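Below is one structure; the comments refer to it alone.
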There are 2 protein chains.
Amino acid sequence: MNEFFNTVGKVALGTRLRKLGDQLMEEASQIYDLYDVPLQAKWFPVYYTMAQQKDCSITQIATIIGHTHPSVSKIIKEMDAAGLINYNKKSKDGRFTTVNLNDKAMALLPNLIEQLEDARDAIEEVLDKTTHNIWLAMEDMEFELDNKSFYKRVLEKRKIRLAQEIKIIDFSTEHSERFKELNLEWIEKYFTVEPLDEASLNKPKKKIIKPGGHIYMAEYKGVVIGTCALIKFNDTTYELSKMAVTEAAQGLNVGYALGKAIIKKAKNLGANKIYLESNTQLKPAINLYQKLGFTKVVGIPSPYERSNIRMELNF
Amino acid sequence: MNEFFNTVGKVALGTRLRKLGDQLMEEASQIYDLYDVPLQAKWFPVYYTMAQQKDCSITQIATIIGHTHPSVSKIIKEMDAAGLINYNKKSKDGRFTTVNLNDKAMALLPNLIEQLEDARDAIEEVLDKTTHNIWLAMEDMEFELDNKSFYKRVLEKRKIRLAQEIKIIDFSTEHSERFKELNLEWIEKYFTVEPLDEASLNKPKKKIIKPGGHIYMAEYKGVVIGTCALIKFNDTTYELSKMAVTEAAQGLNVGYALGKAIIKKAKNLGANKIYLESNTQLKPAINLYQKLGFTKVVGIPSPYERSNIRMELNF
DNA sequence: ATTAGTTATGTAACTTGTTACGTAAAAGAA
DNA sequence: TTCTTTTACGTAACAAGTTACATAACTAAT
């Protein structure tokens, strides 16, 4: 089994932590028997909390010990069945059920304290013998994970890996259909297709590239997942247009890579200004444009109906 | 909740380990969704083992990954329901069920490997950020606990604590009844009471102390839990006798403490030899006597029927 | 060759939590 | 005030394992 952890590597950290925890908890039960303390090991956190503080409510205990309330509810019920609980419904807020340990339960405390001390000594002994302190390691780990969840970290790693595999390539005729498809995907989702769209989407070569523009396609493992076009307005001004990234690939910074490439291209073509037209509903898109350096400008009407914002980048 | 761990201290190590493990495993499930790998997180160890090695049996997998066989059995069943398993009953030992991943299952491997790599990177990142490495700490901890279980360690600590509270005191008349009781407890358990017992147990003062012997009682929290007597044979030879420790207090080295005290007393009384008579059935007792320095001697008949071994300590 | 023990596996029930959901009481908003 | 939302808590169902037990197939010992 240990070999399994070694070959699988640290991916099994969760499983391994859990196994070790289970083992310790299992032994804890045996220890309770040893000390003649008629408590179940799992009752301990609840018992301990109640011993520290009178008139706890179920939810209070749950938040203190980090369980859910149904868990505490069940444990209290079991402890009650064992004759250890005093229910006081006297609270003025009728929702709360305040509970206390009764005399029988409190009488167990001295034995329990001895047990705890011995257990603590035993753990300290183990921790002293290990060169890497698991208690401190857990504190560190919990701190780090509170900061940024493991899931989020994996997401980031994935993004980095995928980003490395994304290639920005020039448009060629075999991309025609995909180019249209990618653009229709988002237009149809948020708006309706306008006549102006039809023209440039059906004949990109004629309408965009021939007049001095450019089109880039983003490819991932041989699949085209995004596109972006540069349309010539005059010798020094170009329009960034037809930016589209398929839904499944969103969040991987494909748009950013396409934008960067198109800006570079515009510079090479002699532009000193790029503008674009968009809609404020498309918040991720607007964010992307801002990240690329575009700023909002006013006062120039757009030929597109869906457009309600114009942005520019000067350089 | 974190405060709870701080006040309870390291006794809650088990719970805490388990919680952290659970959290990581919970996130693992989300990650599987992210990568479009149609495996349940809990299937992973089984899947991984089968991918590594063809024609595994249920029990084999179970031992490799450190689960019980019913657990693996269930997981395989679930994976089969998901259409990922090839059952081969072809093994010549009819008890084994050899299982394999089918093509559909193997096709998931590339995606899974990517996922594992990203997860590994994420974990390495966290481990790099922590000053105390939890992975190494767990290895240390598992090594230590394999060496000596937590239970055993607590047992030792308890023994030490209790030993400190045990007092060896001189016999006085109010101990008469308890003295008899303690001895009858073990005699009646293993043998039958002999006439010779009756005399010394009923009149310890007259039969043991008056003729120049001594009796010690071991007391724990005001309760007498053991006794041991020294009977004068001649000016330089004494018999160690009536060694008895109540069952509930056994394993706490009370016998050893009593033995040490009685040997010291004998020296003070001018003895150069102590002998005792016992029965080889009573292995813990014989062990104790050996630990006290007694060695087996032969050839001297005993007045007790139950005696079949004689031991001596010369000094 | 027969009997007794061991091994591989399946099934059922239990363990220790968790979500999901319903209900009563309180708090806030109109 | 009345209506909506939130809070406390119970119950039910689920999760991911476990132990306990039954059974079939092999192995070993007489």
Side-chain angles (χ1 to χ4, degrees), chain A residues 1 12 14-30 32 39-47 55-81 85 87-99, chain B residues 1 12 14-30 32 39-47 55-81 85 87-99:
Chain A
M1 183 191 106
T15 320
R16 194 176 195 178
L17 280 165
R18 205 196 160 149
K19 269 209 124 50
L20 184 58
D22 274 349
Q23 191 191 328
L24 284 171
M25 288 181 72
E26 165 63 33
E27 297 202 52
S29 310
Q30 293 173 36
Y32 276 86
L39 294 178
Q40 288 184 37
K42 65 165 174 170
W43 294 353
F44 172 70
V46 173
Y47 179 96
D55 294 325
C56 292
S57 78
I58 305 278
T59 321
Q60 252 176 56
I61 297 173
T63 46
I64 289 171
I65 70 174
H67 280 196
T68 55
H69 84 263
S71 166
V72 174
S73 182
K74 261 197 262 183
I75 289 171
I76 295 267
K77 219 170 164 186
E78 287 172 24
M79 288 175 74
D80 185 38
I85 298 291
Y87 278 94
N88 304 34
K89 256 286 186 190
K90 61 152 202 228
S91 165
K92 68 171 172 237
D93 185 335
R95 291 169 303 178
F96 286 87
T97 320
T98 56
V99 283
Chain B
M1 184 190 103
T15 320
R16 195 176 194 180
L17 280 166
R18 204 195 162 153
K19 267 209 125 51
L20 185 56
D22 274 349
Q23 191 192 327
L24 284 171
M25 289 182 73
E26 165 62 33
E27 297 203 52
S29 310
Q30 292 173 38
Y32 276 87
L39 293 178
Q40 288 184 37
K42 66 167 173 166
W43 295 353
F44 171 70
V46 173
Y47 179 95
D55 293 327
C56 292
S57 77
I58 306 279
T59 322
Q60 253 175 55
I61 298 173
T63 46
I64 288 170
I65 69 174
H67 279 195
T68 56
H69 84 262
S71 165
V72 175
S73 181
K74 260 196 263 182
I75 289 172
I76 295 267
K77 219 170 165 187
E78 287 172 24
M79 289 175 73
D80 186 38
I85 298 292
Y87 278 95
N88 304 34
K89 255 286 185 190
K90 61 150 202 229
S91 166
K92 68 172 174 236
D93 184 335
R95 290 168 302 178
F96 285 87
T97 319
T98 56
V99 282

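The structure presented is a predicted model; accordingly, all values stated were derived computationally and were not measured. Here is the naming used below: chain letters follow the sequence lines, and residue numbers restart at 1 for every chain.
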field: Out of D:dA20, C:dT19, D:dG17, whichever nucleotide has its closest atom nearest the side chain of A:Pro70
entry: C:dT19
field: Presence of B:Thr59 side-chain N/O under 4.0 Å of C:dT9 phosphate oxygens OP1/OP2
entry: yes
message: Expressed as a whole number of angstroms, how long is the span from A:Phe44:CZ to C:dG17:C1'?
response: 18 Å
message: Less than 4.5 Å apart, side chain to side chain, heavy atoms only: is that true for B:Val99 and B:Ile61?
response: yes
message: Let's see if you can work this out: which of D:dT18, D:dC9, C:dG10 has an atom nearest to the side-chain heavy atoms of B:His67?
response: D:dT18
query: Hey, which of these two, A:His69 or B:Lys74, hits DNA chain D nearer its 5' end, going by closest nucleotide?
result: A:His69
- request: Measure from the side-chain heavy atoms of B:Arg95 and tell me the nearest of C:dA8, D:dA16, D:dC9.
  value: C:dA8
- request: Take the protein atom CZ of A:Arg18 and the nucleotide atom P of C:dT15, then report the distance between them rounded to whole Å.
  value: 17 Å
task: Would you mind reading off the distance between A:Gln60 atom CD and D:dA8 atom P, rounded to a whole angstrom?
output: 9 Å
message: For the NE2 atom of A:His67 and the NZ atom of A:Lys42, what is their distance to the nearest 0.5 Å?
response: 10.0 Å
query: Which part of the nucleic acid does A:Thr68 contact within heavy-atom distance under 4.0 Å: base, sugar-phosphate only, or nothing?
result: base
- prompt: So does A:Thr97 get a side-chain nitrogen or oxygen closer than 4.0 Å to the phosphate oxygens (OP1/OP2) of D:dA8?
  reply: no
statement: For B:Ser57 and B:Phe96, the nearest pair of non-hydrogen atoms, with its separation, is CB-CD2, 3.3 Å
message: For the CD1 atom of B:Ile75 and the CG atom of B:Asp80, what is their distance to the nearest 0.5 Å?
response: 13.5 Å
message: Less than 4.5 Å apart, side chain to side chain, heavy atoms only: is that true for B:Leu39 and B:Phe44?
response: no
- prompt: Rounding to a whole Å, what distance do you find between B:Glu27:CD and C:dT18:C1'?
  reply: 16 Å
- request: Check the distance between D:dC9's P and A:Tyr87's OH and give it to me in whole angstrom.
  value: 11 Å
query: Rounded to the nearest Å, what distance is computed from the NZ atom of residue B:Lys77 to the P atom of nucleotide D:dG17?
result: 16 Å
- prompt: Should B:Ser71 be listed as having a side-chain N or O under 4.0 Å from OP1 or OP2 of D:dA16?
  reply: no
query: Roughly how many Å is it from CE in B:Met25 to C1' in D:dA15, rounded to a whole number?
result: 10 Å
- prompt: What's the CD-P distance between A:Glu78 and D:dT11, to the nearest Å?
  reply: 13 Å
